[in-house]
Amino acid sequence: QVTLVESGGSVVQAGGSLRLSCAASGRAFKSYTMAWFRQAPGKEREFVAGIRPNGAYTEYTDSVKGRFTISRDNAKNTGYLQMNTLKPEDTAVYYCAAQVGSSMRFGPYGYWGQGTQVTVSS
């Protein structure tokens, strides 16, 4: 069983940066694939970035490549999403998710956080 809690969402101007955190409970976090998803108003939830348990492999959706970086610190049971050069179209609720053996883009993910709001003003 894993509980995920996101933090770090805020209002930021276009071009700015934010770092989201995903704090996980439970010793098994280091065994889980972790990912970030986002959902903008009126749109479907979409995959943003994913990272394998040992951090050796990451994957990003095309629209954030070169701007966002996913990472994790298994000793701290925490995952991160560093977001740079933010754009208004990045505005969304961001969710972290975790599961053993998931396809990074398609899951399925059994554990989800409650989400954190990111708003990018132009």
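Just so we're clear, the structure is a prediction, and the values are computed from it rather than from any experiment.
- Note on residues 70-104: no pairs pass ring pair (Phe, Tyr, Trp, His ring centres under 6.0 Å), not counting sequence neighbours.
- Using a distance-only test at 3.5 Å, with no hydrogens or angles considered, a donor-acceptor pair links the side chain of S25 to the main chain of T3.
- Under the 3.5 Å distance criterion, the side-chain polar atoms of Q117 are left unmatched by any main-chain donor or acceptor of G9.
- Pairs passing the salt bridge (Lys or Arg N to Asp or Glu O under 4.0 Å) check and including a residue from residues 6-15, sequence neighbours excluded, do not occur.
- Checking I70, T58, T33 one by one against M104, the side-chain contact (heavy atoms from CB on, under 4.5 Å) holds for a single residue, T33.
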Show which side-chain atoms of residues 10-24 pair as donor or acceptor with protein atoms under 3.5 Å away, not counting sequence neighbours.
unit_1, atom_1, unit_2, atom_2, d
S17, OG, N84, OD1, 2.9

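- For residues 37-63, the pairs satisfying ring pair (Phe, Tyr, Trp, His ring centres under 6.0 Å) are F37-F47, F37-Y109, F37-W112, with sequence neighbours left out.
- Rounding to the nearest 0.5 Å gives a distance of 12.5 Å between CG of N54 and NZ of K30.
- At a threshold of 4.5 Å between side-chain heavy atoms, the hydrophobic network of Ile, Leu, Val, Met, Phe, Trp and Tyr places I51 and V2 in two separate groups.
- Partners of R105 by salt bridge (charged side-chain N to carboxylate O under 4.0 Å, His left out), not counting sequence neighbours, listed by chain and number: E59.
- Checked against ring-ring contact (aromatic ring centres under 6.0 Å, His included), Y111 has the following partners two or more places apart in sequence or in another chain: Y32.
- The structure places CZ of R38 at 13.5 Å from CZ of R45, a figure rounded to the nearest 0.5 Å.
- Salt-bridge check for K87 with D90: failed, with every basic side-chain N at 4.0 Å or more from each acidic carboxylate O.
- To the nearest 0.5 Å, the span separating CD on E89 from OG on S122 amounts to 10.0 Å.
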